[in-house]
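Just so we're on the same page: letters track the sequence lines, and every chain starts at 1.
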Protein chains: 2
Amino acid sequence: MATGRNHRPATRSRGIPEATVARLPLYLRALTALSERSVPTVSSEELAGAAGVNSAKLRKDFSYLGSYGTRGVGYDVEYLVYQISRELGLTQDWPVVIVGIGNLGAALANYGGFASRGFRVAALIDADPKMTGKQVAGIGVRHVDELESIVHTNGVSIGVITTPAGAAQQVCDRLVGAGVTSILNFSPTVLSVPEGVDVRKVDLSIELQILAFHEQRKAADELSRGLRGPERPAPAAGGTGGGAGGARRGEGPGPDGDIPAVMPA
Amino acid sequence: MATGRNHRPATRSRGIPEATVARLPLYLRALTALSERSVPTVSSEELAGAAGVNSAKLRKDFSYLGSYGTRGVGYDVEYLVYQISRELGLTQDWPVVIVGIGNLGAALANYGGFASRGFRVAALIDADPKMTGKQVAGIGVRHVDELESIVHTNGVSIGVITTPAGAAQQVCDRLVGAGVTSILNFSPTVLSVPEGVDVRKVDLSIELQILAFHEQRKAADELSRGLRGPERPAPAAGGTGGGAGGARRGEGPGPDGDIPAVMPA
DNA sequence: ATGCCTTTGTGAACGCGTGCACAAAGATGG
DNA sequence: CCATCTTTGTGCACGCGTTCACAAAGGCAT
């Protein structure tokens, strides 16, 4: 990467758009549920409903994978489950390591969603010597000194970081140095990685803040149209707890445009 | 606009793009770090670097909030912290409830990132009577029967769902019925909510599957080009990056997904 | 076999988000 | 007070993603 910037529009992946890739697991989940109920075929309309997306979008998504449907009938559930699993790489076993066995790391270790789709927790790693050897989710915690050897021995290419923010970049560097090329980052930090390494981040604080933004906007909307929550008792300390008694669908052009509801702190 | 009197010349209180809103917490975090180091001002270039985004994008994002910068100098850190906090609604206190106190729910309850930004865990709720009264993160667990009264009493407008998939929709309905208008969903389910209710989902399984897709693609790329790697130092010895040990499981597509992908059961 | 009906697959238009490039604005030094 | 330098704010173009709308394709009944 010493060479200049070579833009790599991740969309090149095989012609499959990134947005489509992000939806494939959603489809797979819905299809798996249908498969368990022994439903043989499903239409794009039905499946889209189950996955919570538009049917045209679903059809276009599938079109990137190939023509797996039958016109006039729909899609064969089992076949589609297999094709999507294969496309996502779930027909093979992915060993992952979790670094940082605090509350969150332990919760992830116990998380059933890992093993259910071809992901196997190869090791739990923590920097605290007092954690070493402890059993979490039936797996012994290893010390971070062994990180490199663990990654090598197990052929780990996916790492999950659940350390405090201060340690995240350092752990990330070690993981990458050991050969990990995909990282799921739960710490509230912006990780910098060399090219070729994928990082996805999950930050609940950010998610909450986004919700708060919309919540505030909703409260401001209702306030500005002179609507007081008639059924809701007094909100919590701090003010407009969130009105929203009976959310009406009165969707108009909106009285936006005027004062942005400045909240005195 | 030229006059520095009234901020907000453009009436864009509602025109803030969703993508921008999603980045505001990122900027806020970087700015908070600068503030703690008593840095008075920061340029778009520096701040963009700290937040991991393009500087032009950052400037455009800020332009939606108003003209808070000074040309030739940069942005006043403290002022920007305040403005973004206000825009995100973080100057007020947001009581939240967490429903489903399993491993993940307990981890979230302990997560410091909540309280640090105006979010306060008003209550922990679980359906298991054996959990009722237990202390988690210093908060007593309440039974789900009390859900509505808890929401009413505390003026809760944001709910976090960490239940198993099977219970998620039901819990969601009750939360919405009680007045909650924003939901953060950790269960692997597509929630259906009435209009006016915001739902954001966090699904670890999906994130891993997306990583697996790219990982598989990387492995395929390297394989097909005969290991003609870029200018990147050679990764792990054994794995060659995407190698991943590749222990294929012998079972068919059947066992996939009979586990609800959530931990507490 | 034929015509009808259902559903897929996709061409095309549209909107949003991103990044470039530059003029305007303000600080700074002489 | 003027020249210069720095940095913001934004017009513009481009590409991705979404949605509409419809022709093609296949099943099914007669």
Does any donor atom in the side chain of A/Asp61 or A/Thr20 lie under 3.5 Å from an acceptor atom in the other side chain?
yes
To the nearest Å, how far apart are A/Asp76 CG and C/dT8 P?
13 Å
Could you tell me whether the phosphate oxygens of C/dG9, OP1 or OP2, come under 4.0 Å of any side-chain nitrogen or oxygen in A/Tyr75?
yes
Under 6.0 Å between ring centres, would you say that holds for A/Tyr68 and A/Tyr79?
yes
A/Arg23 vs B/Phe62, nearer the 5' end of DNA chain D by closest nucleotide
B/Phe62
Nearest 0.5 Å, what's the CD1-CZ distance between B/Ile16 and A/Arg217?
10.0 Å
Rounded to the nearest Å, what distance is computed from the NZ atom of residue B/Lys57 to the P atom of nucleotide D/dT8?
17 Å
Grab the CD-C1' distance between A/Glu18 and C/dT18 for me, whole Å please.
16 Å
For the pair made of CG in A/Leu58 and C1' in D/dG17, what is the distance, rounded to whole Å?
15 Å
Quiz question: by atom type and distance under 3.5 Å, do the side chains of B/Thr189 and B/Gln169 form a donor-acceptor pair?
no
Reported OG-to-CG distance for the pair A/Ser157 and A/Leu175, which is rounded to 0.5 angstrom
11.5 Å
Interatomic distance, A/Ser85 atom OG to A/Leu31 atom CG [nearest 0.5 angstrom]
9.0 Å
Scan A/Ser67 against the nucleic acid and name what it touches under 4.0 Å (heavy atoms): base, sugar-phosphate only, or nothing.
sugar-phosphate
Starting at the 5' end of nucleotides 20-27 of chain D, put B wherever the base has a protein heavy atom under 4.0 Å, S where only the sugar-phosphate does, and a dash everywhere else.
BB--BBSS
What are the residues of residues 43-53 of chain B, sorted by number, that bring a heavy atom to within less than 4.0 Å of DNA chain D?
B/Ser43, B/Ser44
Applying ring-ring contact (aromatic ring centres under 6.0 Å, His included) as the test, list every pair that has at least one member in residues 184-205 of chain A; sequence neighbours left out.
none
Might you work through the side chain to side chain donor-acceptor pair (under 3.5 Å) test for B/Gln209 and B/Ser205, ending with a clear yes or no?
CA-CA 6 Å; B/Gln209 289 174 55; B/Ser205 176; 2.9 Å; yes
Could you tell me whether the side chain of B/Leu34 reaches within less than 4.5 Å of the side chain of B/Arg37, counting heavy atoms only?
yes
Atom OH of B/Tyr68 and atom C1' of D/dT7: how far apart are they, to the nearest Å?
19 Å
